[in-house]
Amino acid sequence: MSAASSAQQPQTPPTPEPSQPSAQNDEPIELVVTGEQDGYGATDASSATRTDTPIRDIPQSIQVIPRQVIEDRVITNPDDTVRTVSGVIPSNPSYEGGLSSFSIRGFDSGSNVLRNGVREVDSGSVSRNDLTNIERVEILKGPASVLYGQGSLGGAVNIVTKQPLRDPFYNLEFLAGSYNLYRGAVDFSGPLNDSKTVLYRLNAFYQDSDTFIDFSRNNRWLVNPVVSWQISPNTKLTIEGDVSKTVSQTSAGLPAFGTVLPNPNGKIPINRFIGEPGDFETFSYARIGYDLQHQFSKDWSVRNVFRYEISKRGGGGFTAASSLGLDPDGRTLNRFYFDGPTPKKEDTTKGFIVATDLTGKFQTGSIKHTLLFGTEVYNTERTNNEYITGDAGPLDLFNPVYGSPRGAVEDRGNNPQSGAFVGVYLQDQIAFADNLKLVLGGRYDWANQDSNDLIANTKTSQSDQAFSPRVGIVYQPIQPISLYASYSRSFNPNSGADANGNLFEPETGTQYEVGIKGDLSNKLSATLALFDLTRSNVLTTDPNNSNFSIQTGKQSSRGIELDISGEILPGWSIAAGYAYINARISEDNDYAVGNRLVNAPENSFGLFSSYKFQSGSLEGLGLGLGLFYVGEREGDLKNSFQLPSYFRTDASIFYKRDRLRAAVSIKNLFNVDYYESSSDILRVFPGEPVTVQGTISWQF
């Protein structure tokens with residue numbers, strides 16, 4: 001998406017610094033960067049191949065949520081961005097400020113979080129970013145292990161941040177809304193020298209709000225500076241850092257009995273807070289790194305990225321439902337508390353990643369090649385991972401009285417962990433002809449993990465190796481149509497050992513995918529995909545020793561997805577997705593074969609469409625409508641209860657004139673009661689009631 005879209009430039013938009021011609025070549029040499037795009041459509045997503053390749057030439061379903069969709073929907077949380085993408089469902093409630101998590105093709109996205117095409121050391125950091133400094137969000141469907149190493153089988157989420165602009169740009173924004181929401185943000189950019197070889201961008205925001213849940217508050221802020229230096233016509237260095245903090249209460253959900261299942265006492269109010277009013281958690285995050293790119297020639301380039309990250313979790317802990325659950329009266333909820341042993345000792349995760357890509361283009365006869373060779377080294381260390389737990393006293397869900405004293409400490413832990421990971425990958429994109437392309441790739445990973453139990457004075461170490469291949473083909477019978485097929489694999493390390501002391505092998509996954517991508521017009525495109533995924537080596541209870549696990553579990557997901565995005569007519573844009581997914585247990589010793597996976601609806605649909613008046617007295621005015629359907633979902637792997645289907649309607653109205661932009665959005669317009677997700681029978685998370693937000697911004 002262009003800078004005009006992201007910043008609402010009234011006339012000629014500021015743009016990132018263009019590439020300059022080399023002394024040896026009259027043609028501009030372009031460095032491979034994550035570019036900006038206009039409107040609701042997207043033509044490229046560099047994270048899919050780590051090369052500058054159009055989406056239509058990639059044998060994989062890839063969906064992009066550009067900045068324009070984010071602004072027209074008036075959303076600030078990463079969870080909300082995916083609602084128009086087929087087969088992607090938020091797994092955690094966005095209102096409590098916790099980790100963002102998504103179900104993609106029936107499987108939790110887990111650690112598959114990328115930032116500008118490079119793995120995040122802290123997989124939950126997407127939730128720390130908000131959307132203030134985000135240019136677009138890319139969803140890569142299926143395994144990403146061939147380029148990014150360990151991760152979920154379902155897919156990956158790539159966050160693309162805003163980059164410096166060549167022309168001066170300043171934007172101030174204020175947002176207010178339901179539940180005492182107040183938010184201010186700034187976006188400044190421009191050159192730092194007369195030659196415009198050094199550019200900067202600064203994004204920052206501060207937000208404070210309640211939520212619809214009693215006693216629950218959310219306070220967060222972020223500062224994100226970026227500086228880019230065009231060292232020479234062929235060399236560019238970008239340094240980026242950010243610091244953020246979130247303070248929130250963990251709602252911990254509500255029991256299924258009284259929400260999605262009958263309760264003799266009636267319905268539990270969705271605003272009921274089952275913790276203690278004094279509960280709170282803090283999440284602090286800091287990151288610094290560089291991105292160095294150099295073009296050796298027109299055909300060969302190198303990119304080196306370094307990033308150091310540190311995150312801390314502290315606060316006053318949380319109170320939640322204990323394993324004793326509800327008493328027979330249906331109203332008394334047994335609870336436990338979870339906290340750090342001292343307020344000053346924060347659970348800390350830190351680490352670094354170094355990724356280097358060498359990309360080259362060459363020919364063997366008439367066959368064209370785009371070759372990628374890369375290495376990735378990253379290290380993580382978790383310290384101060386101490387906790388205490390105990391009885392928190394019961395709570396009457398229908399007549400709550402808070403302030404019960406905490407009971408004695410019943411359990412404590414101190415479990416520092418560390419990991420070192422190395423990956424080497426090779427990929428060749430082969431063009432036999434302009435309409436026939438083959439992608440071959442493979443990656444080999446080495447993973448070493450250490451875990452110390454300082455209470456029991458024990459240490460465990462584990463080393464794993466895995467090879468992840470990918471092969472795909474794209475055929476274009478006519479220029480607007482791409483037919484594709486692919487095979488790929490994933491891996492995800494397990495920890496622990498079986499009853500015989502044998503260390504667990506990594507989880508593995510395979511995917512077969514076929515599809516068609518079509519340009520319905522020069523501004524409207526669609527993707528239809530059919531997929532078959534199998535997850536193997538899932539841990540399940542050892543039938544001969546219930547105190548241990550064995551790796552005989554399997555899960556599968558098969559389905560079909562349809563996505564459409566772009567401009568239908570001048571001013572009329574759409575982003576929509578439908579998915580049918582059959583995600584089930586194939587083999588297991590704990591759950592029945594055939595049980596559906598958690599939070600994986602069979603049918604889901606999301607659509608957002610807007611119309612912007614192009615001329616006349618209404619020029620600058622836009623209207624948006626969002627329709628979101630999620631079918632019935634199983635609440636646990638036992639399939640003991642279901643979350644009912646829901647249909648939610650959102651609406652927005654926005655106006656832009658010269659340097660002023662104003663917008664109002666209404667989420668859940670008809671105030672539908674629905675439930676977003678579930679962890680188990682004691683933790684069902686209700687969706688937000690009707691919510692109104694208004695924003696105004698001024699560019700100068």
Side-chain angles (χ1 to χ4, degrees), residues 87-89 91-92 101-110 143 152-155 253-263 321-326 328 490 492 494-499 504-512 530-560 579-604 630-646 675-685:
V88 185
I89 306 294
S91 299
N92 284 343
S101 180
F102 311 102
S103 171
I104 305 178
R105 291 184 169 175
F107 297 106
D108 189 84
S109 61
S152 168
L153 172 62
L254 296 170
F257 292 99
T259 53
V260 298
L261 294 176
N263 186 309
S322 74
S323 58
L324 296 176
L326 273 175
S490 70
N492 212 11
N494 277 312
S495 59
D498 61 20
F504 292 130
E505 296 291 326
E507 275 189 8
T508 60
T510 60
Q511 175 182 271
Y512 298 90
L530 289 81
F531 58 86
D532 186 332
L533 293 82
T534 301
R535 180 186 180 195
S536 304
N537 285 349
V538 179
L539 296 180
T540 184
T541 300
D542 186 339
N544 299 317
N545 189 336
S546 60
N547 293 320
F548 290 88
S549 296
I550 57 175
Q551 290 186 275
T552 59
K554 281 190 177 182
Q555 299 171 353
S556 66
S557 177
R558 301 178 178 90
I560 184 171
Y580 167 82
I581 298 176
N582 185 11
R584 297 183 180 274
I585 293 174
S586 304
E587 296 179 21
D588 206 288
N589 293 328
D590 298 316
Y591 308 105
V593 172
N595 278 10
R596 296 189 62 87
L597 302 187
V598 178
N599 294 325
E602 194 170 69
N603 292 280
S604 60
V630 177
E632 292 181 344
R633 291 139 290 149
E634 296 297 334
D636 59 13
L637 287 176
K638 293 180 181 179
N639 287 191
S640 62
F641 70 100
Q642 288 185 331
L643 306 185
S645 63
Y646 69 85
Y675 295 91
E676 189 83 79
S677 61
S678 167
S679 297
D680 53 50
I681 201 165
L682 295 173
R683 297 168 181 83
V684 174
F685 298 96

Quick one: [atom1] on [X] to [atom2] on [Y], what's the gap to the nearest 0.5 Å?
X	Y	atom1	atom2	value
Y591	S640	OH	OG	9.5 Å
R633	I89	CZ	CD1	7.5 Å
S557	L597	OG	CG	7.0 Å
T510	L153	OG1	CG	7.0 Å
N595	D590	CG	CG	11.0 Å
S322	L682	OG	CG	7.5 Å

With sequence neighbours left out, what residues match [X] under side chain to side chain contact (heavy atoms under 4.5 Å, CB included)?
X	value
N603	Y578, Y580, Y629
Q551	N494, F504, E505, N537, L539
S678	N599, F641, L643, V684
P328	none

Taking every non-hydrogen atom, the tightest pair across L533 and G154: CD2-CA, 4.2 Å
Could you tell me which non-hydrogen atom of G87 sits nearest to which non-hydrogen atom of I581, and how far apart they are? CA-CD1, 3.9 Å
Going by the rule salt bridge (Lys or Arg N to Asp or Glu O under 4.0 Å), which residues pair with [X] if we only count those two or more places apart in sequence or in a different chain?
X	answer
R535	E507
D532	R558
E602	R596
D680	R683

With sequence neighbours excluded, residues passing side chain to side chain donor-acceptor pair (under 3.5 Å) with [X]:
X	result
S586	S556
N639	none
D588	T540

With Y646, which residues qualify under ring pair (Phe, Tyr, Trp, His ring centres under 6.0 Å), at least two apart? Y674
Short question: side chain of S490, backbone of S152 - any donor-acceptor pair under 3.5 Å?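 Flag not set: sc S490 to bb S152 has no pair under 3.5 Å.
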